[in-house]
Amino acid sequence: MQDDLYQLDAPQSSEKSEQAILENLNDSQKQAVSAPLQNMLVIAGAGTGKTRVLVSRISWLIKVCNILPRNILAVTFTNKAAGEMRQRIGAVVGEFLEKQLWANTFHSVCLRLLRSYAPQAGLRPGFTILDTDSQSSLIKRIMKELLPNFKELKPSEIASKISTLKENRYRAQDYIDRGRLLEKNYFDEISKIYAAYEQVCIQENSVDFSELLLRTVELLEKNEAIRNLQHSRFKEILVDEFQDTNALQYTFLRLMAGPTCHVTVVGDDDQSIYGWRGADYTNMKKFVKDFDNVQKIVLALNYRSSQNILDVANCLISENNDRMMEKVLKGTNGQGSKVTIYNCPSDLFETDTVSRCIESLHNKGEKYRDMAILYRNNYLSLGFEQKLTRFHIPYVMFGGQKFFERAEILDALSYLRVLVNEDDDTAALRVINVPARKIGPKVVENLRAICQERNCSVLKAITLLKTYVAEGGNQKELVSLYKKVQPFLEIVESLKAKRTELPLNEFVDLMLNVTGLYTFYQEKDAKEGKVDAENSRVSNLGALVSNVKDFVISYENRTLNEDSLLDDNQDPLLTYLSNITLASTAELKEDGSDENTADAVNMMTVHSSKGLEFKYVFLVGFEQDILPSKRALTSDKYMNEERRLAYVGVTRAKTKLYISYARQRSLFGKTNPAGASPFLREVVRTLSENETKPYEISNALAFYS
DNA sequence: ATGTTCCTTCTTTTT
DNA sequence: GAAGGAACAT
């Protein structure tokens, strides 16, 4: 604390700070970091030190421009990026100042605002966030009720349709009024479901992911006082991965930035790979138009890859016809070794070749953790998993079955959600019969009839039944209905009573016992013969408890500033649930197996590799119909995005890149002819003219014994 | 209400 | 080829 206060009182040493912050930056980086206060667009190619610039710029604002951290808002796309940024800024400006900075994802910034202004935003305090799974099950429920015979669209498809509509600012009524033109198919069904969905969400006091954004935008638009409050607070706003923002996030940004605020956005149109879920890199163009005097800075000096890799990358991306600007990455690490292209007779040869190559690299002293296998589709990982296992090569997979999407975890969280928000029927209905309590569809139907009649939640309906029975009500159906659901109510009530008595982690442990989830999943594990297995359901529940424990510790240590006082009404459980729903991914490390300690080959999709780098990269399955995906052939737009995806894959490599494709591939039990990706053909056609080709083609057959 | 078998599906994924 | 969902039987 002493040190922190010292730092706080010592902004005068700014000349020294200046030097320290600008040290080891190149000219354009320096230009961006030390620019006068203004709106800025930083176009940062792959590996050009984008995060470094952002972190340095924020440090500069704090240490040199003497802007208070609380007047700065840094928005990122993922929690991981936000955490990393906070940590790196903390290292420069000290923890004390770092803690006052808002560095968060779009969604959690919106959540914070909505929690602070719930009533003004049309929400009741304690609202819960719908995860993807809950959203689908809610829609499924609505469809069953409203359109039992409508099978043409899956609940998840409707869910993403609704998300897209929200991202384009269509509420259900807007869609009904003026959406018919947008829709070729199923307009009536979608609008009916959307309208009902909107209503149920309000009833249940829950918001989905897009709703967090949309509601905040609406709040800021219609409430001038709240908007002005944000304007007087945020003097500098910075956005990372700007090419990934969607229309709604862009609107949010415009609303948050007041007349005296400066906005800096950093991004790379060539790395926009989330267009399929609403990301629109033309926001970069819009930004220049909509904001005043935007200073444009281009970073093209690449610190990551050897020149051969960059030559391939530059050539690849140059084929795109919708780029914002011609950008040629120039390396700083010398020519390096050539990119190896493996031409494999079949997918079996491919996995074999890659495994052998990894083995020989390892034998030469390279670490497994410096290598990565990147693929377009998750199903391509299977063959590599098998082959690597046979070669006794350790690997870690990113993505895949996510911890917080597992059934047992979602069950546990649903119980917790009911405790926090008793209107959350989606959560209640998920677990009302888990573990099995003889509450089937019939009982649920009867309950919901009461809900409709009384316009109340499921839990409330059960409570009403209880009162009815206690007061000597004697209608047979109601009494027997109550008997059926009584155990569930008792569990919820007893948990409610104990909630405040115990530390949260102990409470969650207790909950798992009281509800019977532990026993239920123990039996399930036993039936499948995976008792004590690392990925058993019970051990996952255990991991949940320790995750809660970690949360409790950090929650108790949090610094109480004016924002956290506004937050969450001081209910740690509500905070935990919100955090978890907005966190997902690999946030929860399998305890013990810290990724730094385990030396293992990394396996992931190209999408999830964005932002990462590895010494050795194997870009596999670089084939027609895979990369580019079969479905991309329909339009130039999709094709360009696929090419950017390939570009992202290529630019992950530092020292050496291996690209492989098979001439035939077994897929879902069937063997089909395959072949090199047209992207690869483009590159080879263009670069083969060069005297010194940056690549070499290797016939994988020679490897196979 | 629950257990069993058959049938469909098979990009990418964060929040 | 495996997993999740729906229809069917117990």
Side-chain angles (χ1 to χ4, degrees), chain A residues 75-82 104-111 129-137 140 144 151 154-157 159-160 163 166-167 207-214 216 241 244-246 248-249 252 272-279 374-383 385-386 398-402 404-405 407 432-444 484 524 527-528 578-587 604-611 621 625-633 638 641-642 644-646 648-649 666-671:
Chain A
V75 195
T76 62
F77 232 74
T78 66
N79 289 295
K80 202 176 144 209
N104 254 320
T105 63
F106 277 102
H107 288 84
S108 56
V109 170
C110 289
L111 174 67
I129 303 168
L130 281 181
D131 58 90
T132 318
D133 210 271
S134 307
Q135 196 186 9
S136 294
S137 77
K140 197 170 165 185
K144 234 184 201 157
K151 297 268 146 67
K154 285 179 282 180
S156 60
E157 287 170 328
S160 69
S163 285
K166 286 186 181 181
E167 275 157 22
V207 293
D208 62 37
F209 290 127
S210 325
E211 186 73 24
L212 283 171
L213 260 307
L214 180 52
T216 309
E241 305 277 16
D244 283 337
T245 50
N246 62 35
L248 201 48
Q249 287 158 336
F252 170 73
S272 159
I273 56 176
Y274 287 106
W276 51 274
R277 64 174 199 212
L374 307 181
Y375 34 81
R376 173 65 174 85
N377 301 333
N378 269 315
Y379 61 71
L380 289 173
S381 73
L382 204 80
E385 288 175 69
Q386 290 167 348
F398 288 64
Q401 168 70 285
K402 305 216 188 57
F404 287 104
E405 282 167 17
I432 195 167
N433 196 35
V434 179
R437 301 190 178 90
K438 301 188 192 297
I439 300 173
K442 262 262 147 56
V443 176
V444 172
K484 290 242 164 85
K524 222 167 192 178
K527 232 177 246 169
E528 285 164 35
S578 310
N579 283 358
I580 283 311
T581 315
L582 290 185
S584 68
T585 12
E587 307 259 305
M604 68 191 81
T605 62
V606 181
H607 277 96
S608 46
S609 76
K610 199 177 74 169
D625 292 347
I626 292 180
L627 184 53
S629 154
K630 211 183 242 161
R631 304 190 191 192
L633 296 170
Y638 294 130
E641 180 150 318
E642 293 291 312
R644 292 193 291 267
L645 189 56
V648 167
S666 303
L667 201 53
F668 310 129
K670 268 202 179 124
T671 304

Assign the ring pair A:His607 / A:Trp276 to parallel, tilted or perpendicular, where the plane angle (0 to 90°) is split at 30° and 60°.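 The rings of A:His607 and A:Trp276 stand perpendicular, inter-plane angle above 60°.
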Polar-atom pairs under 3.5 Å, protein N or O versus N or O of nucleotides 2-7 of chain B: list them with distances, or write none.
unit_1	atom_1	unit_2	atom_2	d
B:dT2	OP2	A:Asn433	ND2	3.1

Can you list the residues that meet the side-chain contact (heavy atoms from CB on, under 4.5 Å) rule with A:Lys154, with sequence neighbours excluded?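 Result, side-chain contact (heavy atoms from CB on, under 4.5 Å) vs A:Lys154: A:Ser156, A:Glu157.
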Taking only residues two or more places apart in sequence, or in another chain, which ones meet A:Thr105 in a side-chain contact (heavy atoms from CB on, under 4.5 Å)?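 Partners of A:Thr105 by the side-chain contact (heavy atoms from CB on, under 4.5 Å) criterion, ordered by chain and then number, come out as A:Thr76, A:Asn79, A:His107, A:Ser108.
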Below 3.5 Å between N/O atoms, which protein atoms pair up with nucleotides 9-11 of chain B? Just atom names and distances, please.
unit_1	atom_1	unit_2	atom_2	d
B:dT11	OP1	A:Arg631	NH2	2.1
B:dT11	O5'	A:Arg631	NH2	3.3

Any luck finding a side-chain donor-acceptor pair between A:Asn378 and A:Ser381 under 3.5 Å?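 No, no side-chain donor-acceptor contact under 3.5 Å.
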How would you list, by chain and number, every residue that makes a side-chain hydrogen bond (donor to acceptor under 3.5 Å, both in side chains) with A:Glu642, sequence neighbours excluded?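 If we apply the side-chain hydrogen bond (donor to acceptor under 3.5 Å, both in side chains) test to A:Glu642, skipping adjacent residues, the hits are A:Arg376.
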Measure the distance from [atom1] on [X] to [atom2] on [N] and round it to the nearest whole Å.
X	N	atom1	atom2	value
A:Arg644	B:dT12	CZ	C1'	13 Å
A:Tyr375	B:dT13	OH	P	9 Å
A:Lys610	B:dT13	NZ	P	12 Å
A:Phe77	B:dT12	CZ	P	19 Å
A:Ile432	B:dA1	CD1	C1'	14 Å
A:Lys442	B:dA1	NZ	P	8 Å
A:Leu111	B:dT14	CG	P	19 Å
A:Phe106	B:dT15	CZ	C1'	12 Å

Scan A:Lys151 against the nucleic acid and name what it touches under 4.0 Å (heavy atoms): base, sugar-phosphate only, or nothing.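 No contact at all - A:Lys151 keeps every heavy atom at 4.0 Å or more from the nucleic acid.
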Using a 4.0 Å heavy-atom cut-off across all strands, classify A:Ser210 as base, sugar-phosphate, or nothing.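 Since no nucleic acid heavy atom lies under 4.0 Å of A:Ser210, the category is nothing.
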Side-chain-base donor-acceptor pair under 3.5 Å for A:Thr605 and B:dT13: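 Answer no: no donor N or O sits under 3.5 Å from an acceptor.
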Mark yes when over 12 heavy atoms from residues, nucleotides or ligands other than A:Lys484 sit less than 6.0 Å from its NZ; otherwise mark no.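 Counting other residues, nucleotides and ligands, NZ of A:Lys484 stays at 12 neighbours or fewer.
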Please confirm whether the backbone N or O of A:Asn246 pairs with a side-chain atom of A:Gln249, one donor and one acceptor, at under 3.5 Å?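 Present.
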Donor-acceptor under 3.5 Å (A:Asn433 side chain, A:Arg437 main chain):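 Checked: pair present.
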Salt bridge (Lys or Arg N to Asp or Glu O under 4.0 Å) partners of A:Glu641, counting only residues at least two apart: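 Counting only residues at least two positions away or on another chain, A:Glu641 forms a salt bridge (Lys or Arg N to Asp or Glu O under 4.0 Å) with A:Arg644.
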With the side chain of A:Tyr274 defined as its heavy atoms from C-beta on, choose the nearest nucleotide among C:dA6, B:dT13, B:dT15.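 Within the option list, the nearest is B:dT13.
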